[in-house]
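Working notes, structure below.
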Amino acid sequence: AYVGTGASGTEASDVTADFYRYDPVADSWTKKADFAGGARSQAVAFSVGSQGFISTGTTSLGQSVADCWQYEPGSDNWAKKADFPGGVRTGALSWSGTSQGFMGLGTGANGPVFDLWAFQP
């Protein structure tokens, strides 16, 4: 399992780019490469195959974003992908399917958003 980004307090500057891997067999955490999209909170994450993805959220400057990043566990590297076409948003929902990820809902630039998107890398 992987855990990363988020807020450690209530200020926009309290967000982090930290990224960790949990090994349930060893019951231990390993620090991985920081999220290349920068510190953020209220992002969404999902996996497709062996890759992980983080998209949208709020930066440490308090800006909502629509970028999308792919994490490759084998090389511990991040790669920027095409921006999320649904626009900036925070607090969206996401989940993983067999061969695609899904995300939608949340709060966009003009208020609540009620949509659903599929992502196939």
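For this chain, numbers begin at 1 and follow the sequence in order.
Considering only heavy atoms from C-beta on, V3 comes within 4.5 Å of W29 through its side chain. Two residues are said to be in side-chain contact when any heavy atoms from C-beta on lie closer than 4.5 Å; V65 and T58 fail this criterion.
A donor-acceptor distance shorter than 3.5 angstrom exists from the side chain of S94 to the backbone of A45, with no hydrogens or angles considered. In this structure, S96 contributes its side chain and V48 its backbone to no donor-acceptor pair below 3.5 Å. R40 places no side-chain N or O within 3.5 Å of a backbone atom of S55 that could act as its donor or acceptor partner.
Closest approach of T5 to I54, counting heavy atoms only: CG2-CD1, 4.2 Å. In terms of heavy-atom proximity, A92 sits nearest to G104 at CB-O, 3.4 Å. Scanning both residues, G86 and W117, for their nearest heavy atoms gives CA-CZ2, 3.4 Å. For the pair T56 and A43, the tightest heavy-atom approach, listed with the atom from each and the gap, is O-CB, 3.4 Å. For D115 against R89, the heavy-atom pair with the smallest separation is OD1-NH1, 2.7 Å. Of all heavy-atom pairs between D67 and D83, the closest is CA-OD1, 3.3 Å.
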- Item | CA sep, side-chain torsions, deciding dist, call: Q42, T107, side-chain contact (heavy atoms from CB on, under 4.5 Å) | CA-CA 10 Å; Q42 300 184 37; T107 303; over 6 Å; no
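With sequence neighbours excluded, no residue satisfies ring-ring contact (aromatic ring centres under 6.0 Å, His included) with Y20.
A 6.0 Å sphere centred on CG of D23 holds more than 12 heavy atoms belonging to other residues, nucleotides or ligands.
The CZ atom of F53 sits 6.5 Å away from atom NZ of K81, with the distance rounded to the nearest 0.5 Å. To the nearest 0.5 Å, the span separating OG1 on T16 from CG on D34 amounts to 6.5 Å. Atoms CZ and NZ, from R21 and K32 in turn, are 6.5 Å apart once rounded to the nearest 0.5 Å.
For residues 51-63, there are no salt bridge (charged side-chain N to carboxylate O under 4.0 Å, His left out) pairs, not counting sequence neighbours. Screening residues 48-59 for salt bridge (charged side-chain N to carboxylate O under 4.0 Å, His left out) gives no qualifying pairs among residues at least two apart or on separate chains.
Proximity of the aromatic rings of Y2 and F19 is defined here by a centroid distance below 6.0 angstrom, and this criterion is met.
There is no side-chain donor-acceptor pair under 3.5 Å between N77 and Y71.
Of the options W95, F119, F102, a ring-ring contact (aromatic ring centres under 6.0 Å, His included) to F46 is made by F119 and by none of the others.
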